[in-house]
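Notes follow once the structure below has been shown.
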Protein chains: 2
Amino acid sequence: MHHRRPTILDVARAAGVSRATASRVINNVPGASDVVRSRVHQVVADLGYRPNEIARALASGRRGVVDLVVFAPDPGLSWLGVHPYYSRVLAGMMPVLDGRDAQLRVHVAQADGSAAVIDTVAEAATAGAVLVNVPPELALRFHARCRRVVSLTATADRVPAVDAENAAGAYAAVSHLHRLGRRRIAAVHGPASNSCAADRRVGYLAAVRDLGLPGINADGGFIREGGHRAALQLLADHPDIDGLFVACDLMGAGAVQAITAAGRKIPDDVAVVGFDDSIAATCSNPPLTTVRLPVEEMAAEATSALLDGTVTPGWRRMFTVELVVRESAGPA
Amino acid sequence: MHHRRPTILDVARAAGVSRATASRVINNVPGASDVVRSRVHQVVADLGYRPNEIARALASGRRGVVDLVVFAPDPGLSWLGVHPYYSRVLAGMMPVLDGRDAQLRVHVAQADGSAAVIDTVAEAATAGAVLVNVPPELALRFHARCRRVVSLTATADRVPAVDAENAAGAYAAVSHLHRLGRRRIAAVHGPASNSCAADRRVGYLAAVRDLGLPGINADGGFIREGGHRAALQLLADHPDIDGLFVACDLMGAGAVQAITAAGRKIPDDVAVVGFDDSIAATCSNPPLTTVRLPVEEMAAEATSALLDGTVTPGWRRMFTVELVVRESAGPA
DNA sequence: TTGAAAGCGCTACCAA
DNA sequence: TTGGTAGCGCTTTCAA
């Protein structure tokens with residue numbers, strides 16, 4: 001015997017009502033008497049009926065789907081598996097989606113075919129899309145095709161986005177090092193093309209200027225190896241460094257390894273502060289003092305806004321960051 | 001003016017053919033002359049037509065969607081954002097999906113409402129589902145409702161799964177430590193409920209037995225804090241330990257921190273080998289020698305099999321693991 | 001409050 | 001090789 005999945009017609013028949021009425025009850029729409037309501041509910045339970053989401057989406061034109069579009073900076077997806085940021089985004093989105101029984105669809109825009117992915121997702125017209133690491137021009141392209149979109153980093157002005165006080169965070173990190181008595185505070189920055197990295201650089205520069213310290217800069221490209229290399233170079237060029245601000249924890253972990261390997265003690269010789277508060281911070285040895293970026297909260301807010309349909313062109317939400325003190329730059 | 005998205009009917013009209021023919025061309029189905037083919041393709045390009053996936057799915061009954069079901073061991077999704085394993089699964093699945101333009105949907109089964117999620121996804125009947133960390137009884141429940149499923153860890157016999165040589169990997173880790181001259185090799189294990197953890201424990205025990213070494217065991221629950229705690233305890237109870245096998249890198253990073261904090265040198269005093277080769281291994285200081293679990297490849301294989309429809313009850317694919325030597329247990 | 005029926009956009013079968 | 005057309009399962013007017 002073939003076990004067909006019950007449809008709304010089966011429910012309607014068994015309850016002795018029309019499909020329309022069954023639909024009303026199932027979707028909790030006003031017009032239906034209480035008697036009929038409970039009868040239908042009973043049948044639904046008996047038959048184990050579950051609405052077909054596909055048919056529902058087709059008929060209603062709406063969809064309980066949020067797209068997550070991740071831009072891949074390099075070919076190969078190694079970074080996706082490696083960078084702690086992405087899974088935090090997922091962790092932030094899931095509870096929100098669960099609560100409204102919406103679903104998450106994941107897309108990756110490779111550097112080459114990225115425009116195609118952007119177009120496809122935008123035209124698919126779901127409840128909305130969350131953009132991660134998507135460069136401004138592509139974000140704009142998406143926004144031009146579909147308004148229901150939020151970028152997880154500051155991007156083109158018109159594109160809705162959640163943002164964090166990156167500059168203030170970097171400033172706080174440097175201030176913390178200064179409070180610890182450090183006077184030669186260097187920085188390892190992220191890529192200039194990344195707005196978070198740019199803001200953190202601004203914060204660092206403002207801090208050293210305000211504190212009357214020399215600015216000592218290096219670049220690490222937001223990857224561990226880059227942090228390692230930059231720290232080594234910094235140590236070689238400026239042997240008197242006693243504090244280091246690293247623009248992300250992944251680079252921070254690399255810097256810590258380099259500094260230790262160079263025979264210096266952390267935090268005694270060099271105190272290190274990272275940024276993000278990701279797994280890379282807690283796995284580092286010693287664990288990194290860092291500036292917590294509330295990625296989960298930011299992703300959750302973006303998702304809610306999309307589901308609520310409250311995003312408008314230029315929409316912005318700002319999040320505060322917070323210094324998390326660990327052993328790489330101990331308490332004052 | 002209202003910009004309606006072109007449908008297949010628009011394409012058919014503009015090309016002067018029927019919807020059926022347009023559909024054939026668009027889906028690359030045999031019956032259609034080359035003349036008509038190129039004409040339709042031209043119109044598709046001109047109109048910027050893109051098939052509506054929803055309608056397509058409803059009409060055909062198939063769907064280009066793979067579900068990823070992640071079981072949440074604890075309430076709150078912090079582990080999702082923290083454990084490096086999950087993003088590696090994503091990284092492994094995405095390229096496969098991309099190549100066949102299928103999409104990924106993510107679901108999280110919380111410990112309480114997990115059965116409901118399992119049922120929903122199973123009944124939604126997509127191309128298939130990849131199960132991550134789903135306990136045997138729930139995996140069986142899923143399999144009973146929907147055959148198109150692959151577990152990313154060994155589970156109930158009938159449930160299709162990809163598996164890795166966890167026992168052999170642990171054995172190799174211990175052998176490596178032995179080759180390095182270590183004779184007091186302890187282990188920090190994962191939760192007994194996890195089949196990978198169980199297999200790694202078996203491997204460790206077999207190795208110390210074969211090598212004629214004492215078995216010194218502790219549990220760390222597959223989290224960093226657990227590794228930290230276990231290492232501290234081990235050091236206190238067995239001060240003569242000179243080698244440590246840790247069943248996952250996250251615990252390994254914690255163990256490294258504890259050992260260093262206790263004033264011992266790694267690898268000189270205690271050599272450490274982890275398992276997984278995740279970001280936790282590379283961010284640790286010193287970086288962890290570890291056993292690489294090919295998570296990406298495993299996830300990719302599971303996804304392909306699902307898309308190909310080649311999984312059958314009891315289906316299995318075994319993956320080999322490989323020792324990756326880093327500084328926490330240097331080359332022999 | 002209820003039901004009939006017209007789609008949503010597409011696929012797949014059957015006939016031509 | 002083509003076109004006609006009956007659905008896929010559901011929502012949503014419009015009348016009753």
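Residue numbering restarts at 1 for every chain, and letters A, B, ... go by the order of the sequence lines. Fair warning: this is a prediction, and the values are worked out from it, not measured in the lab.
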Of Ile54(B) and Ala20(B), the one whose closest DNA chain C nucleotide lies more 5':
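By nearest-heavy-atom nucleotide position, the 5'-most residue is Ile54(B).
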Send over the distance from [X] [atom1] to [N] [atom2], rounded to a whole Å.
X        : N       : atom1 : atom2 : result
Asn28(A) : dT11(D) : CG    : P     : 12 Å
Leu9(B)  : dG7(C)  : CG    : C1'   : 13 Å
Arg19(A) : dA4(C)  : CZ    : P     : 10 Å
Arg24(A) : dG3(C)  : CZ    : C1'   : 8 Å
Asp10(B) : dG9(C)  : CG    : P     : 9 Å
Arg50(A) : dC10(D) : CZ    : P     : 12 Å
Leu47(A) : dG9(D)  : CG    : P     : 14 Å
Glu53(A) : dT11(D) : CD    : C1'   : 13 Å

Test: Asp119(B) and Arg145(B) ion pair at under 4.0 Å
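Looking at Asp119(B) and Arg145(B), the cut-off is met.
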Flag the pair Ser278(A) / Tyr85(A) as yes when at least one side-chain heavy-atom distance between them is below 4.5 Å, and no otherwise.
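Ser278(A) does not reach Tyr85(A) side chain to side chain.
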Go through dG9(C), dG9(D), dG3(D) for me and flag the one nearest to the Asn52(A) side chain.
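Within the option list, the nearest is dG9(D).
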One pair to check against side-chain contact (heavy atoms from CB on, under 4.5 Å): Val66(B) and Val96(B). What are the steps and the verdict?
CA-CA 11 Å; Val66(B) 172; Val96(B) 177; over 6 Å; no
Phosphate OP1/OP2 of [N]: any [X] side-chain N/O under 4.0 Å:
X        : N       : answer
Asn27(B) : dT11(C) : yes
Ser18(B) : dG4(D)  : no
Ser33(A) : dT2(C)  : yes
Arg56(A) : dG9(D)  : no
Ser23(B) : dC10(C) : no

Sugar-phosphate, base or nothing in reach of Val36(B), heavy atoms under 4.0 Å:
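Result for Val36(B) = sugar-phosphate.
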Reading DNA chain D from 5' onward, which residue's closest nucleotide shows up sooner: Val35(B) or Leu58(A)?
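By nearest-heavy-atom nucleotide position, the 5'-most residue is Val35(B).
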Could you check Ala59(B) against Val17(B) and say which one's nearest nucleotide on DNA chain D is further toward the 5' end?
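Looking at the nearest nucleotide for each, Val17(B) comes out on the 5' side.
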Report the distance from atom OG1 of Thr7(B) to atom CG of Asn52(B), rounding to the nearest 0.5 Å.
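Rounded to the nearest 0.5 Å, the OG1-CG separation comes to 9.5 Å.
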For residues Ala161(B) and Thr153(B), report the shortest heavy-atom separation together with the two atoms involved.
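Minimum heavy-atom separation between Ala161(B) and Thr153(B): CB-O, 3.8 Å.
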